[in-house]
Amino acid sequence: MRNIIIISLLGILLLAGGSFYFVTQYLNSAETESTDQQNTIEAVENDNQDNENGGLNDSNSNQEENNNEIEDFEYEEYDEAVAYQSDQEERVNNIILKQHNYLNDKAGWGGAESFDHEELQNDEDWQALRDDINYLKNDGFAESKILIDMKNAHSMADLVENGDSMALRFLHRIFHDLDMDINETDADRYWNVTHAFGSGNNHEIIYAYLTGDQE
């Protein structure tokens, strides 16, 4: 009888030990899986951050090489925000809308990181943008602060043709803000970078980028 009791106790201990082993293994496996998933998430986030910072670093490098081509970059002083040449207002406003849409496609959704500046010389849409900027600057707008924005747009376009992806973003932001203010186009974000409509000193980032005067 005593031997039967001892054997029974040993059986119970073995079963308990086996259960404990399997539970421990399961918990360790679950913890390892959770850690692996967290590491994967963190790796993706780090890759995205690296890509973003890398793009900015590349743009800063391009800008440092290109800003020395901009000479005597000074602004005229104007009292009025926006003024149009005679009978040009409707045409000007339509151009602002059209080129904002074009730059949405050109700079947005990763376009600024992937565009090939060497192809721009044969890009009819890009050449139309350059022609429109010249028209707006010389024949569309009259003496007013928005001419400063057109000068900035013209200079940014020059940098874009040298491969500066950040200049493409700034060029888009100029037309983006002007389209919102002039045509009352809806958008989720307002960059506040124009001289004609911007508040505060946010537009100074454009000047700083063009002249290389960045802290």
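Please read all numbers here as calculations on a predicted model, not as lab measurements.
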How long is the span from the [atom1] atom in [X] to the [atom2] atom in [Y], to the nearest 0.5 Å?
X	Y	atom1	atom2	value
Leu136	Gln88	CG	CD	10.0 Å
Glu77	Glu143	CD	CD	12.5 Å
Ile95	Leu178	CD1	CG	12.5 Å
Ile146	Glu80	CD1	CD	11.0 Å

Under 3.5 Å donor-acceptor, Asn183 side chain and Asn93 backbone: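 Looks like yes, one N/O pair under 3.5 Å.
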
Asp149 side-chain N/O to Ala196 backbone N/O, donor-acceptor pair under 3.5 Å: yes

So [Y] and [X], do their side chains get closer than 4.5 Å, heavy atoms only?
X	Y	answer
Ile182	Phe197	yes
Asn152	Tyr75	yes
Asp139	Asn134	no
Glu113	Arg169	yes
Asn162	His117	no
Leu210	Leu159	yes

Using distance only, find each side-chain donor-acceptor pair of residues 198-207 under 3.5 Å and give its atom names and separation, not counting sequence neighbours.
residue	atom	partner	partner atom	Å
Ser199	OG	Asn192	ND2	3.4
His203	ND1	His195	NE2	3.4

Side chain to side chain contact (heavy atoms under 4.5 Å, CB included) assessment of Phe141 paired with Val92: CA-CA 8 Å; Phe141 290 114; Val92 165; 3.2 Å; yes

Atom CG of Asp186 with >12 non-hydrogen neighbours under 6.0 angstrom: no

Pair Glu119-Trp126, side-chain donor/acceptor within less than 3.5 Å: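 No, no side-chain donor-acceptor contact under 3.5 Å.
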
Stepwise side chain to side chain contact (heavy atoms under 4.5 Å, CB included) test for Ile96 and Thr185: CA-CA 11 Å; Ile96 295 294; Thr185 300; over 6 Å; no

Carboxylate-amine/guanidinium contact Glu76 Lys151, below 4.0 Å: no

Salt bridge Asp158-Arg130, side-chain N to carboxylate O under 4.0 Å: yes

Qualifying side-chain hydrogen bond (donor to acceptor under 3.5 Å, both in side chains) pairs with a residue from residues 96-108, counting only residues at least two apart or across chains: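 side-chain hydrogen bond (donor to acceptor under 3.5 Å, both in side chains) check on residues 96-108 returns Lys98-Asp132, Gln99-Asp132, His100-Asn104, His100-His176, His100-Asp179, Asn104-His172, Lys106-Asp123.
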
Give me the atom names and distance for the closest heavy-atom approach of [X] to [Y].
X	Y	result
Arg189	Met180	O-SD, 3.5 Å
Ala107	Leu168	CB-CG, 3.9 Å
Ser144	Ala83	OG-N, 3.0 Å

same_hphob_cluster(Trp191, Leu97) at 4.5 Å side-chain heavy-atom cutoff: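 Looking at the clustering, Leu97 is in a separate group from Trp191.
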
Derivation and outcome, side chain to side chain contact (heavy atoms under 4.5 Å, CB included), residues Leu171 and Ile133: CA-CA 11 Å; Leu171 180 59; Ile133 292 174; 4.3 Å; yes

